[in-house]
Amino acid sequence: MPTTLITGASSGIGLELAKLFAAGGDDVVLVARREDELERLADDLRSQHKIKATVVPVDLSQPGATDDLVNALAERDLVIDHLVNNAGFGALGKFADLSADRQTSMVMVNIVALTRLTRLLLPGMIERGRGGVLNVGSIAAYQAGPNMSVYYATKAYVLSFTEGLREELAGTGVNVSLLAPGPTETGFGDDSGMGKFDFFAAAAMPAAAVAKAGYDGYQNKEDIIIPGWRNRLMVTGVGFLPRFATRKLVGKIQKV
Ligand SMILES: NC(=O)c1ccc[n+]([C@@H]2O[C@H](COP(=O)([O-])OP(=O)(O)OC[C@H]3O[C@@H](n4cnc5c(N)ncnc54)[C@H](OP(=O)(O)O)[C@@H]3O)[C@@H](O)[C@H]2O)c1
């Protein structure tokens, strides 16, 4: 059976994606910092499905974390067929006020770890002529986000990187898709500070529904998967507006 590695599998969208890949018969490798949460999920998945679940606790904000992770996979003779780059976080606040370390860690997790892990695992997929990568971005990618500038910029990177890579891989048998959720009921709202806004809570979709859209879209080899009609409408609308207008609007909506 194929093996799928999911980063950020300890909660939210990543946890729901892990359940779906396991239910589809894949062995799973669960990655995040909270080992207890990962072990609990691994036990559940092993008992519910006839699959192998391996836990590798890693702090992806640390330099060298992805290399350590890939070494841990090699030690266990694990070959990764599908990589789900889901781990990520955001922080609401003005760039100059938010901690430099937190924002640097955000770039490390949302961009550097996603990129390096893809680079380390992709050649094997290309050689085998199958498998793929599902990157979790955000509808935040489609415009600048004042008061959350770094987070929006990291997701713009994920969108652009995924699209570019998809073209490079055409004809190799390896698929690359982007899941771009809008507000979702996970730990993200409280952790980032976005949860305090009424619009966020009102628009938030269940994590299981977002993961299902991502899983189905990835299986169908779709390029960009935006779950929920409201989110699709918003991204379409943003495309018709000049960038100076969308960034001003976002700055007003998420005022700090
Ligand atoms: N929820 C939303 O509204 C929303 C909207 C658009 C996009 N997204 C994106 O969806 C993805 C999943 O987030 P979520 O909404 O499911 O939030 P979540 O419940 O907070 O999950 C985030 C996951 O990322 C992991 N993670 C964070 N920092 C990490 C680190 N340094 N090293 C390893 N793992 C780390 C967390 O695990 P540990 O804490 O155990 O390390 C957790 O499993 C993120 O990329 C996020 O940007 C979320």
Side-chain angles (χ1 to χ4, degrees), residues 5-20 28-42 55-66 68-69 72 84-92 101-114 116-117 134-143 145 148 150-159 161-162 178-197 199-211 213-214 224-228 230-231 234-235 254:
L5 184 152
I6 302 122
T7 69
S10 59
S11 66
I13 298 168
L15 183 147
E16 297 297 336
L17 280 165
K19 286 187 196 169
L20 289 165
V28 290
V29 179
L30 309 173
V31 174
R33 289 167 301 180
R34 284 171 289 169
E35 191 172 1
D36 290 355
E37 305 294 331
L38 296 178
E39 289 292 1
R40 196 168 307 139
L41 176 62
V55 166
V56 188
V58 176
D59 182 349
L60 292 170
S61 70
Q62 296 304 307
T66 48
D68 292 346
L69 171 55
V84 181
N85 280 310
N86 161 80
F89 69 96
L92 178 70
D101 285 350
R102 185 158 163 78
Q103 293 186 97
T104 306
S105 290
M106 198 188 299
V107 173
M108 290 299 289
V109 177
N110 296 10
I111 295 182
V112 176
L114 174 145
R116 192 165 175 89
L117 200 49
L134 174 61
N135 287 331
V136 180
S138 168
I139 60 168
Y142 292 88
Q143 65 285 300
M148 214 182 189
V150 175
Y151 179 74
Y152 277 61
T154 64
K155 295 302 181 178
Y157 172 91
V158 177
L159 169 64
F161 170 61
T162 308
L178 177 81
L179 170 61
T184 308
E185 293 160 5
T186 67
F188 177 89
D190 283 344
D191 183 55
S192 65
M194 287 297 284
K196 74 172 184 176
F197 293 119
F199 80 84
F200 187 91
M205 290 175 65
V210 169
I224 297 175
I225 306 144
I226 301 176
R230 276 197 199 86
N231 295 326
M234 215 158 77
V235 167
Q254 51 188 42

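All ligand and atom numbering here is 1-based and tracks the order in the structure. Keep in mind the model is a prediction, meaning the values are calculated, not measured.
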**Item:** Nearest protein heavy atom with distance in Å, relative to atom 19 (O) of ligand 1
**Value:** S11 OG, 2.8 Å
**Request:** Just need the protein heavy atom nearest to atom 25 (C) of ligand 1, so name the residue and atom and give the distance.
**Result:** G8 CA, 3.6 Å
**Item:** Any donor-acceptor N/O pair, R102 side chain to G90 backbone, under 3.5 Å
**Value:** yes
**Fill in**
Note: K155, heavy atoms under 4.0 Å from ligand 1, region reported as side chain
**Request:** Starting from atom 5 (C) of ligand 1, find the nearest protein heavy-atom neighbour and note its residue, name and distance.
**Result:** G182 O, 3.2 Å
**Item:** Options D190, L114, T186, ranked by nearest heavy atom to atom 17 (O) of ligand 1, top entry
**Value:** T186
**Prompt:** Between V58 and ligand 1, which residue portion shows a heavy-atom distance shorter than 4.0 Å: side chain, backbone, both, or neither?
**Reply:** backbone
**Asked** Do F89 and ligand 1 have an N or O pair less than 3.5 Å apart?
**Response** no
**Item:** Atoms of ligand 1 close to F200 [distance to a heavy atom under 4.0 angstrom, numbered from 1]
**Value:** 3 (O)
**Asked** Which protein non-hydrogen atom lies closest to atom 31 (N) of ligand 1, naming both residue and atom, and how far is it?
**Response** D59 OD1, 2.8 Å
**Complete:** The atoms of ligand 1 lying under 4.0 Å from a heavy atom of G12, numbered in the order shown, are 16 (O), 19 (O)
**Message:** Within the 4.0 Å heavy-atom shell around P183, which atoms of ligand 1 are there?
**Reply:** 3 (O)
**Asked** Of D36, L60, T154, which has the heavy atom at the shortest distance from atom 32 (N) of ligand 1?
**Response** L60
**Message:** Testing L179, V235, T162, L178 one by one against I224 for a side-chain contact (heavy atoms from CB on, under 4.5 Å), which residue passes?
**Reply:** L178
**Message:** Quick check against the 3.5 Å criterion: does Q143 have a side-chain atom that pairs as donor or acceptor with the backbone of I139?
**Reply:** yes
**Request:** Note the single closest protein heavy atom to atom 12 (C) of ligand 1, along with its residue, its atom name and the distance in Å.
**Result:** N86 OD1, 3.2 Å
**Message:** Contact between ligand 1 and A140 is defined here as a heavy atom of the residue under 4.0 Å from a ligand atom; is it met?
**Reply:** no
**Prompt:** Would you call D68 and Q62 a side-chain contact if the rule is heavy atoms closer than 4.5 Å?
**Reply:** no
**Prompt:** Listed by chain and number, what are the side chain to side chain donor-acceptor pair (under 3.5 Å) partners of S138, not counting sequence neighbours?
**Reply:** none
**Message:** Is there a polar contact between ligand 1 and I13, counting only N or O atoms under 3.5 Å apart?
**Reply:** yes
**Message:** For F200 and F188, take the angle between the two ring planes, folded into 0 to 90°, and tell me which bin it lands in: parallel under 30, tilted 30 to 60, perpendicular over 60.
**Reply:** parallel
**Asked** Identify the closest protein heavy atom to atom 3 (O) of ligand 1: which residue and atom is it, and at what distance?
**Response** T184 N, 2.8 Å
**Request:** Could you pull out, from A211, P181, G214, the option with a heavy atom nearest to atom 6 (C) of ligand 1?
**Result:** P181
**Request:** Can you see which heavy atom on A32 is nearest to which on L38, and at what distance?
**Result:** N-CD1, 3.5 Å
**Request:** Taking K155 for its side chain and V136 for its backbone only, find out whether a donor-acceptor pair lies under 3.5 Å.
**Result:** yes
**Donor-acceptor pair, side chain of N231 and main chain of I226, under 3.5 angstrom** = no
**Request:** Begin with the C-alpha distance, continue with both residues' side-chain angles, and end with the deciding distance and a verdict on side chain to side chain contact (heavy atoms under 4.5 Å, CB included) for N110 and Y157.
**Result:** CA-CA 9 Å; N110 296 10; Y157 172 91; over 6 Å; no
**Asked** Would you find a donor on one side and an acceptor on the other, under 3.5 Å apart, between the side chain of T7 and the backbone of N86?
**Response** yes
**Request:** Before signing off on this row, confirm whether S138 and ligand 1 have an N or O atom pair separated by under 3.5 Å.
**Result:** no
**Prompt:** For ligand 1, does V109 get within less than 4.0 Å through its side chain, its backbone, both, or neither, judged by non-hydrogen atoms?
**Reply:** side chain
**Fill in**
Closest non-hydrogen contact found for A18 with L41 is CB-CD2, 4.0 Å
**Request:** Take V210 and E16, measure what side chain to side chain contact (heavy atoms under 4.5 Å, CB included) needs, and give me the verdict at the end.
**Result:** CA-CA 9 Å; V210 169; E16 297 297 336; over 6 Å; no
**Request:** Tell me which protein heavy atom sits closest to atom 46 (C) of ligand 1, plus the residue, atom name and distance to 0.1 Å.
**Result:** Y151 OH, 3.7 Å
**Asked** atom 39 (O) of ligand 1: which of M108, M194, R33 has the nearest heavy atom?
**Response** R33
**Fill in**
In this structure, CG of L15 is separated from CZ of R40 (nearest 0.5 Å) by 10.5 Å
**Item:** Under 4.0 Å to a heavy atom of V136 - the qualifying atoms of ligand 1, by number
**Value:** 9 (C), 10 (O), 11 (C)
**Message:** I'd like to know whether ligand 1 has G137 as a neighbour, heavy-atom separation below 4.0 Å.
**Reply:** yes
**Prompt:** Short list, please: which atoms of ligand 1 are under 4.0 Å from a heavy atom of S61?
**Reply:** 31 (N)
**Item:** Trace of the side chain to side chain contact (heavy atoms under 4.5 Å, CB included) decision for L5 with V56
**Value:** CA-CA 10 Å; L5 184 152; V56 188; over 6 Å; no
**Asked** Which residue from G88, G90, A87 reaches closest to atom 22 (C) of ligand 1 through any of its heavy atoms?
**Response** G88
**Distance (rounded to the nearest 0.5 Å) between Q103 CD and T154 OG1** = 10.5 Å
**Message:** Distance under 4.0 Å to a non-hydrogen atom of A32: what atoms of ligand 1 satisfy this?
**Reply:** 33 (C), 34 (N), 37 (O), 38 (P), 40 (O), 41 (O)
**Item:** atom 36 (C) of ligand 1: nearest protein contact (heavy atom, Å)
**Value:** S10 OG, 3.8 Å
